[in-house]
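Remarks on the structure that follows.
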There are 2 protein chains.
Amino acid sequence: MKKVSESTIARLSVYLRLLTELAAAGVTTLASGELARRCGTSAAQVRKDLSFFGTFGKRGLGYSVPELTEALRGILGLERRWRVALIGAGKIGAALMAYQDFRRQGFDIVAVFDADPARVGTEWQGLVIQRDADLETSLQGIDIAIVAVPASAAQGVVNRVVAADVRAILNFAPTKLDVPEHVAVKTVNMALELEGLSYALVNEARGARRVTSRPAASRG
Amino acid sequence: MKKVSESTIARLSVYLRLLTELAAAGVTTLASGELARRCGTSAAQVRKDLSFFGTFGKRGLGYSVPELTEALRGILGLERRWRVALIGAGKIGAALMAYQDFRRQGFDIVAVFDADPARVGTEWQGLVIQRDADLETSLQGIDIAIVAVPASAAQGVVNRVVAADVRAILNFAPTKLDVPEHVAVKTVNMALELEGLSYALVNEARGARRVTSRPAASRG
DNA sequence: CGGGACTTGTGAAACCATTCACAATCCAAC
DNA sequence: GTTGGATTGTGAATGGTTTCACAAGTCCCG
Ligand SMILES: NC(=O)c1ccc[n+]([C@@H]2O[C@H](COP(=O)([O-])OP(=O)(O)OC[C@H]3O[C@@H](n4cnc5c(N)ncnc54)[C@H](O)[C@@H]3O)[C@@H](O)[C@H]2O)c1
Ligand SMILES: NC(=O)c1ccc[n+]([C@@H]2O[C@H](COP(=O)([O-])OP(=O)(O)OC[C@H]3O[C@@H](n4cnc5c(N)ncnc54)[C@H](O)[C@@H]3O)[C@@H](O)[C@H]2O)c1
């Protein structure tokens, strides 16, 4: 299989979300132009993105909504459910635990860890908070770790997560994480987004214009 | 001024964060290679990023930490404080309100809005929640709006935010937002990151390798 | 004061992603 | 059937970003 950019994968997620909505609304067929319009991209981009994975449309007609939905779910690995551990039962963690959409998309938070002895053992959003010290053993069978601890603790937690053989990490700490090359990391960095807005605000005055893409997650 | 990519701006934020840390640790001078290593990029990339905005280093020596810090703050528009409104006093909103780092970086949340009559008028994290109906008038003097309402309500809220002449939006709803071209929007989409991890997990089995960049915020 | 070690700033080259443009295909209608 | 209108899939062209490579500048030490 050829190499596919993260941009493409991110757009496939966006397409899938739209398709799910349209399916619920009873739409059965959709052309690349309409899909593109609703997702903020171009028809050519939609077709190129899909072409990396096969051919899903019918010339002259467009795409079958249920078929394309299934195809995208397959490509993205969403035909199975994923076991997720949350590390750090703080403010962000609470929001994530309460958020039902992840579950709806196939991500089950099945374990929560915290270092604070006052929290360990208490029930929280339906799960018992486990001791941070038990990470190595308790992460057996976990597919994805969400790291929601202070930045200063993040690398240490990640090292242990990696040692426990977890190969995907969603990181909320605003810090660079070093991981071996077989581990995928995505970082959600809100401060960086705010600073991007700050830049846009001061530069609209100076007359700067439309800007293009951004870097992101690392692997390795 | 030439056009600078969002990738570059995002990296400048990352550099600034590192510099702030190093300054606190008493480091006074830093070469592009070391900065790159600590930020997960290349020395050439660091120098190219900076070169869009001027020349900040000394050949043979590297960069002065305090000087480069000030330069980056200037470039990113962080020499002033920004007035931020939070719209949607839910789970995510609570995490954001409690998060002190934004304030430390120059972003002050000075108003909170919610549509739920049970919440309006109550004090919440030190601010009184205002009626959603008052948005248009109460957004006077706001620089940035954080939209943390359900996806179904987001476009409606955004239209009113734009009508109130706010020109920068940080969006947490997993939905495409239409805004006029002079308004900057950045979306934080965690579901999309999780799906990216799902893709990485199913494709490491299939032997896919390192992937490159991703799209993001739109303007216009 | 000159040589050596080091580092920046920057054109040019390489790489990657997006857009263009069109032949191939499909459906419907007659 | 055959025609017309629509839409896909994809090489080629374009546009943008990252990496390379090196001349120019700085510092230190003898
Ligand atoms: N709250 C926000 O809006 C926000 C926004 C952007 C980024 N972040 C980042 O997200 C992370 C979490 O933020 P938060 O607001 O939820 O913080 P928080 O302080 O509310 O929660 C952090 C939790 O992590 C636990 N913890 C600390 N060290 C640990 C360890 N080694 N192992 C396990 N648990 C540990 C603490 O006991 C605490 O419960 C931080 O890195 C923060 O910078 C938060
Ligand atoms: N909680 C998470 O971890 C999480 C993760 C990813 C994305 N999100 C997204 O963030 C957004 C907020 O999520 P949440 O978990 O905080 O939801 P929530 O239900 O806890 O909060 C939403 C709040 O918005 C208010 N609201 C609804 N319509 C409004 C309107 N028109 N004007 C003003 N306020 C209005 C509601 O009264 C509620 O208080 C959603 O779009 C969600 O999809 C949340």
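Below, chain A is the first sequence line, B the second, and so on; all start at residue 1. None of the values given here were measured: they were computed from a predicted structure.
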*If you take all heavy atoms of A:Val158 and A:Val147, which pair is closest and at what distance?*
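For A:Val158 versus A:Val147, the nearest heavy atoms are CG2-CG2, 4.1 Å.
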
*Would you say the side chain of A:Phe172 lies within less than 4.5 Å of the side chain of A:Met190, judging by non-hydrogen atoms?*
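Contact flag for A:Met190/A:Phe172 side chains = yes.
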
*Walk me through it: do B:Asp143 and B:Arg83 pass the test salt bridge (Lys or Arg N to Asp or Glu O under 4.0 Å)?*
CA-CA 5 Å; B:Asp143 301 303; B:Arg83 294 170 60 81; 5.5 Å; no

_Considering every strand and a 4.0 Å limit on heavy-atom distances, what is the contact class for B:Ser32: base, sugar-phosphate, or nothing?_
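Here B:Ser32 touches the backbone only, sparing every base.
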
*asked:* Would you compute the distance between atom CG of B:Leu192 and atom CZ of A:Arg11 and round it to the nearest 0.5 angstrom?
replied: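 If I round to the nearest 0.5 Å, the distance is 11.0 Å.
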
Has [X] got a side-chain N or O lying under 4.0 Å from the OP1 or OP2 atom of [N]?
X: A:Ser7; N: C:dA17; value: no
X: B:Tyr63; N: C:dG9; value: yes
X: B:Ser5; N: D:dG16; value: no

_Can you build the contact string for nucleotides 21-30 of chain D? Use B for base contact, S for sugar-phosphate-only contact, and - for no protein heavy atom under 4.0 Å._
B-BBBBS---

Over how many whole Å does the gap from [X] atom [atom1] to [N] atom [atom2] extend?
X: A:Lys3; N: C:dC15; atom1: NZ; atom2: P; answer: 10 Å
X: B:Phe53; N: C:dG9; atom1: CZ; atom2: P; answer: 14 Å
X: B:Gln45; N: C:dC15; atom1: CD; atom2: P; answer: 16 Å
X: B:Glu67; N: C:dT8; atom1: CD; atom2: C1'; answer: 14 Å
X: B:Arg37; N: C:dT7; atom1: CZ; atom2: P; answer: 13 Å
X: B:Phe56; N: C:dT8; atom1: CZ; atom2: P; answer: 14 Å
X: B:Glu34; N: C:dT7; atom1: CD; atom2: C1'; answer: 14 Å

_From CA spacing to verdict: side-chain contact (heavy atoms from CB on, under 4.5 Å), B:Leu139, B:Arg160_ = CA-CA 10 Å; B:Leu139 284 178; B:Arg160 299 171 62 202; over 6 Å; no

*Take B:Asn159 and B:Gln155, measure what side chain to side chain donor-acceptor pair (under 3.5 Å) needs, and give me the verdict at the end.*
CA-CA 6 Å; B:Asn159 292 346; B:Gln155 183 66 57; 2.8 Å; yes

_Side chain of B:Lys48 - closest among D:dT18, C:dG9, D:dT8_ =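 Minimum distance to the B:Lys48 side chain belongs to D:dT18.
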
